[in-house]
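Structure first, then comments.
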Amino acid sequence: MLIQRLLQILLAAIVLVAAFGVLAFVLKLAGWLLGLVVKVVIVLIVVAAVLRFFELVWEKTRR
């Protein structure tokens with residue numbers, strides 16, 4: 001009975017180590033994706049500002 005209990009504890013420890021490994025990988029991937037999203041949003045804001053500037057210039061030259 002003691003060996004069976006030790007094997008259960010060992011199996012639970014292996015599952016926990018694997019779960020923490022997967023969690024660390026997912027969090028690392030999520031951090032990378034969050035950094036990418038922030039860069040893309042900044043680029044889109046800059047492009048929108050430049051396009052709005054050109055639209056205002058075009059409108060002023062048409063008058």
Side-chain angles (χ1 to χ4, degrees):
M1 193 66 175
L2 182 62
I3 292 176
Q4 185 179 6
R5 184 69 179 147
L6 288 174
L7 288 175
Q8 287 176 345
I9 293 172
L10 182 63
L11 181 63
I14 290 171
V15 168
L16 284 175
V17 168
F20 280 122
V22 170
L23 181 63
F25 174 73
V26 167
L27 289 177
K28 186 177 180 181
L29 184 63
W32 179 78
L33 285 175
L34 185 61
L36 181 65
V37 166
V38 168
K39 291 175 187 173
V40 168
V41 167
I42 290 172
V43 168
L44 288 176
I45 289 172
V46 168
V47 168
V50 168
L51 288 176
R52 179 68 177 148
F53 173 74
F54 282 126
E55 181 184 6
L56 290 175
V57 169
W58 176 312
E59 230 177 80
K60 199 166 195 172
T61 58
R62 282 194 323 180
R63 288 183 186 182

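Quick caveat, the model's predicted, so the values are computed rather than measured. In what follows, residues are counted from 1 in the order of the sequence shown.
- Cluster note: Ile14 groups with Leu10 through ILVMFWY side-chain heavy atoms spaced under 4.5 Å, whether in direct contact or through intervening members.
- Through direct or indirect side-chain contacts shorter than 4.5 Å among Ile, Leu, Val, Met, Phe, Trp and Tyr, Leu7 is connected to Ile3.
- For residues 33-45, no residue pair satisfies the salt bridge (charged side-chain N to carboxylate O under 4.0 Å, His left out) rule, not counting sequence neighbours.
- Hydrophobic cluster membership of Val17, counting Ile, Leu, Val, Met, Phe, Trp and Tyr whose side-chain heavy atoms lie under 4.5 Å apart directly or via other members: none, as it forms a cluster of its own.
- Leu56 contributes atom CG, which lies 11.0 Å from atom OG1 of Thr61 (distance to the nearest 0.5 angstrom).
- Hydrophobic clustering, with ILVMFWY side chains joined whenever heavy atoms are under 4.5 angstrom apart, keeps Leu29 apart from Leu23.
- Residues passing the side-chain hydrogen bond (donor to acceptor under 3.5 Å, both in side chains) test with Glu59, sequence neighbours excluded: none.
- One hydrophobic cluster, built from ILVMFWY side chains closer than 4.5 Å, holds both Leu51 and Val43.
- Other cluster members for Ile45: Val37, Val41, joined by side-chain heavy-atom distances under 4.5 Å among Ile, Leu, Val, Met, Phe, Trp and Tyr.
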